[in-house]
> 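Quick one: this structure, given as structure tokens, is what I'll be asking you about.
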Amino acid sequence: MEEETKKGHFIESIIQEDISNNKNDGRVATRFPPEPNGYLHIGHAKSICLNFNMAGQFNGKCNLRFDDSNPAKEKQIYIDSIQNTVKWLGFEYGTPFFASDYFDKLYEFALELIRKGKAYVCSLTADEIREYRGTLTEPGKNSPYRDRSVEENLDLFERMKNGEFGEGEHTLRAKIDMASPNINLRDPIIYRVKNAPHPRTGDKWCIYPMYDFTHGISDALEGITHSLCSLEFEDHRPLYDWFLDNVSVPCHPQQIEFARMNINFTVLSKRKLQRLIDEGKVAGWDDPRLPTLEGMRRRGYTPAAIRNFCNIIGVSKKESRIDMGLLESCLRDDLNENAMRVMGVIRPLKVTIENYPEGQTETLEAMNHPQKPELGKRDVSFSREIYVEQDDFMEDPPKKFFRLGPGREVRLRAAYLVTCKEVIKNEAGEVVELICTYDPATRGGNAPDGRKVKGTIHWVNANDCLDAEVRLYDRLFKDENPEQDGQDFVENLNPASLEVLTGCKLEKRLASAEPEVPFQFERLGYFCLDRKDSTDDMPVFNRTVTLRDAWAKLAKQHPPRKNKGNKPPRQKKKG
RNA sequence: UGGGGCGUCGUCAAGCGGUAAGACACAGGGUUUUGAUCCCUGCAUUCAGAGGUUCGAAUCCUCUCGCCCCAGCCA
């Protein structure tokens, strides 16, 4: 049903091989290392699943480690959110780790490099450092400070630590090779002065280690065996190895790179997501249209669906753009299996059943899940006045329209067969009510005379229902690739990504719905109560995803006739 | 004309010298009180291209082409 771990992607093969060679004594340890400078998104989920799955699969452990070496960008709220989200996704990580917990040790390792003559304090300005670095095609040149004595370096570095210098005055650099074709090896900066309070170490430090120095050493200190990261760090691997080879760490983890995830019709980068928020294009980090895990959670995505998706897409080194449809397919799979069925009318059209006794109400039974009778039945109330979906009526319907139209008979799900007798319109000519008759002999939906009724539509008792707001979401961008032809992705937003419907009429049992618990509104899609904007007076439901809709697809392929407002069906063409 | 990667169906992705898995999508058909679900069926003579090695190549070699990443005191 769920989560069949894919067999053998290349990282799994490497680990398997290492185990059979008894490398690391057959131990496996991975880590998920987010920088707490933003919220997690679906792209991170891939890495989370990969790291935790590899550990789980090979009886190892996976650490959650915050890569918090740049206090200028990092915040406690992100630390909290990330922990929360990883737990929600379903992974156990025990006590989280922090690179900042290694600041003392990192400082010692920097000292070790200086004593070995492999690091020096450089007093070039940022601009000068850039100039000295050379370009992609020209080698760099040595810093004039490259040959300072060990003593002087030790003294300067200590004074950096003690706060005697301002930002940018000095840096500590590894002494590697200014002529290396790999720019990362041209005496990379290890420490810089930064006068910013750190979320965890406060103002204890005014110098902070850079990523390349911090990351590998943190891995080694935690006994990580396989350090999985994305492709852009491939060029950093020689540096990763250089640090671990030149400093006294307990082990030397192996860095392995894989391609990060991309999905069409959305953007996956903290920077771009941040911009959508800053420019007010979406409501915040947890806007249900966003691919952030908090947004997806609020919208109704389930952890199981996301995990399954991450397992299904595989792991490789090829840049790819995954079809949003695949994510949705995984979602529907889980929701179809687990969501209780209910009825809700989101664009109500009143129906009066003229031959049904006035003032009478009766209780009918409906299945909670047609494929799972063990989930039981629920009561739904029925009376003379009900609501049906506006889309389920056409004044001049084509032949293949199996719903309501003048003189047509349909089944009200779990109720009766009704026939449309009369159409009532307002002054503007809009249909505002239908007068129908019902066949009392069809209680439950079957006709004793065996006549076939092709269409079944959902409905709600007008005298016993829940008023609600419903939010319909669509893809955030119009284009499959929001940045096609170098366009600014913000210009490509789908103006119809959010549609708010008020005055929706839902089955009464939804009054006790809990946030994020999925329901299938039959024939419409999967919905859940919004945890943030719902009030006692006005519940708000988010549409998580629609049902597959063969009818809508058909109608789209064959454009509307000019007559009424409804979607117009045509005969399907052959071939 | 620096370095590092990557190129298998529309989209992901198996394949590791023995004659192209699977998933999503798509197209037909069946079941159905959700036009949902479910169930069948079809869907790469071909692996970026060209040469070569071999009885045999997507898999090995050579060259060519295309795409991505790197010049933060970000991660």
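Here is the naming used below: chain letters follow the sequence lines, and residue numbers restart at 1 for every chain. Being a predicted model, the structure only gives us computed values, none of them experimental.
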> Expressed as a whole number of Å, how far does the P atom of rC12(B) sit from that of rG29(B)?
30 Å

> Under 4.0 angstrom, heavy atoms only, what part of the nucleic acid is P139(A) near: base, sugar-phosphate, or nothing?
nothing

> For the atom pair OH (Y102(A)) and CG (L221(A)), what is the distance rounded to the nearest 0.5 Å?
6.5 Å

> Which part of the nucleic acid does A550(A) contact within heavy-atom distance under 4.0 Å: base, sugar-phosphate only, or nothing?
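Answer is sugar-phosphate: A550(A) comes under 4.0 Å of backbone atoms only.
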
> Taking any heavy-atom pair under 4.0 Å as a contact, classify E257(A): base, sugar-phosphate, or nothing.
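Nothing, no heavy atom under 4.0 Å.
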
> Using a distance-only criterion (donor-acceptor N/O pair, under 3.5 Å, no hydrogens), is the base of rU37(B) paired with the side chain of E337(A)?
no

> Would you call E222(A) and R65(A) a salt bridge, using N to O less than 4.0 angstrom?
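Counted as a salt bridge, because a side-chain N and a carboxylate O are separated by less than 4.0 Å.
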
> Under 4.0 Å, heavy atoms only, any strand: does S320(A) hit a base, just the sugar-phosphate, or nothing?
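The answer is sugar-phosphate, as S320(A) gets under 4.0 Å only of primed atoms, P, OP1 or OP2.
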
> Give the rounded distance in Å between these two atoms: NE2 of H9(A) and C1' of rA23(B).
16 Å

> Salt bridge or not between R403(A) and D391(A)? Use side-chain N to carboxylate O under 4.0 Å.
no

> Can you tell me how far C1' in rA25(B) sits from the matching atom in rU11(B), rounded to whole Å?
7 Å

> So what does S316(A) touch, heavy atoms closer than 4.0 Å: a base, only the sugar-phosphate, or nothing?
sugar-phosphate

> By the 4.0 Å heavy-atom rule, please label L524(A) as base, sugar-phosphate, or nothing.
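No contact at all - L524(A) keeps every heavy atom at 4.0 Å or more from the nucleic acid.
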
> Any protein N or O atoms within reach of nucleotides 69-71 of chain B? Criterion: under 3.5 Å, listing atom names and distances.
from    : atom 1 : to      : atom 2 : distance (Å)
rA71(B) : O2'    : R133(A) : NE     : 3.2

> Enter syn or anti for the glycosidic conformation of rG15(B), syn applying to angles within 90° of 0.
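Anti for rG15(B); the angle lies over 90° from 0.
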
> Classify the nucleic acid contact of R332(A) as base, sugar-phosphate or nothing, counting any heavy atom under 4.0 Å across all strands shown.
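No contact at all - R332(A) keeps every heavy atom at 4.0 Å or more from the nucleic acid.
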
> For rC26(B), does either OP1 or OP2 sit under 4.0 Å from a side-chain N or O belonging to K553(A)?
yes

> Base, sugar-phosphate alone, or nothing: which one does I189(A) contact when heavy atoms must sit under 4.0 Å apart?
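I189(A): base contact, heavy atoms under 4.0 Å.
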
> Charged N to carboxylate O under 4.0 angstrom, E232(A) versus R260(A)?
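Looking at E232(A) and R260(A), the cut-off is met.
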
> Closer than 4.0 angstrom, basic N to acidic O: yes or no for E257(A) and R237(A)?
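The answer is yes: the pair qualifies as a salt bridge.
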
> Tell me the interatomic distance from R186(A), atom CZ, to rG4(B), atom P, rounded to whole angstroms.
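About 13 Å, once rounded to whole Å.
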
> Distance check, P atoms only: rU53(B) and rG15(B), in whole angstrom units.
29 Å

> Distance between the C1' atoms of rC43(B) and rC26(B), in whole angstroms?
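Nearest-Å result for rC43(B) against rC26(B) at atom C1': 8 Å.
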
> I'd like to know if E35(A) and K270(A) make a salt bridge, using a cut-off of under 4.0 Å between side-chain N and carboxylate O.
no

> Please work out if E234(A) contacts a base, only the sugar-phosphate, or nothing of the nucleic acid, heavy-atom cut-off 4.0 Å.
sugar-phosphate

> Do E389(A) and R523(A) meet the salt-bridge criterion of a basic N to acidic O distance under 4.0 Å?
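Salt bridge absent between R523(A) and E389(A).
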
> Rounding to the closest angstrom, what is the interatomic distance between rA36(B) and rC60(B) at atom P?
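To the nearest whole Å, 45 Å.
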
> Just compare rC6(B), rU37(B), rU34(B) and give me whichever is closest to any side-chain atom of E522(A).
rU34(B)

> Determine whether any donor atom in the side chain of R548(A) lies under 3.5 Å from an acceptor atom in the base of rG35(B), or the reverse, and answer yes or no.
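A donor-acceptor contact between them is absent.
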
> Does V315(A) reach a base, just sugar-phosphate, or nothing at all? Heavy atoms under 4.0 Å.
sugar-phosphate

> Using the C1' atom as the point on both nucleotides, what is the distance between rG18(B) and rA58(B), in whole Å?
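To the nearest whole Å, 13 Å.
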
> In plain terms, say whether R475(A) and E328(A) are close enough for a salt bridge, that is, a side-chain N and a carboxylate O under 4.0 Å apart.
yes

> Charged N to carboxylate O under 4.0 angstrom, K317(A) versus E234(A)?
yes

> Look at the side chain of E328(A) against the base of rA25(B) and say whether a donor-acceptor pair falls under 3.5 Å; ignore hydrogens and angles.
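Looking at the base of rA25(B), it does not pair with any donor or acceptor on the side chain of E328(A) (distance under 3.5 Å).
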
> Tell me which residues in residues 210-217 of chain A lie within less than 4.0 Å of RNA chain B, going by non-hydrogen atoms.
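Of all residues in residues 210-217 of chain A, the ones placing a heavy atom under 4.0 Å from RNA chain B are M210(A), Y211(A).
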
> Would you indicate what L124(A) reaches in the nucleic acid, counting non-hydrogen atoms under 4.0 angstrom: base, sugar-phosphate, or nothing?
base

> Can you tell me, in whole Å, how much space there is between the P of rA48(B) and that of rG66(B)?
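Between the two P atoms, the distance is 16 Å.
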
> So what does S69(A) touch, heavy atoms closer than 4.0 Å: a base, only the sugar-phosphate, or nothing?
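Since only primed, P, OP1 and OP2 atoms lie under 4.0 Å of S69(A), the category is sugar-phosphate.
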
> Could you tell me the separation between the CZ atom of F66(A) and the CG atom of L64(A), rounded to the nearest 0.5 Å?
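If we round to the nearest 0.5 Å, F66(A):CZ and L64(A):CG are 4.5 Å apart.
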
> For the CE atom of M210(A) and the CZ atom of F243(A), what is their distance to the nearest 0.5 Å?
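With rounding to 0.5 Å, CE (M210(A)) is 9.5 Å from CZ (F243(A)).
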
> If we take the P atom in both rU46(B) and rC40(B), what is their distance in whole Å?
29 Å

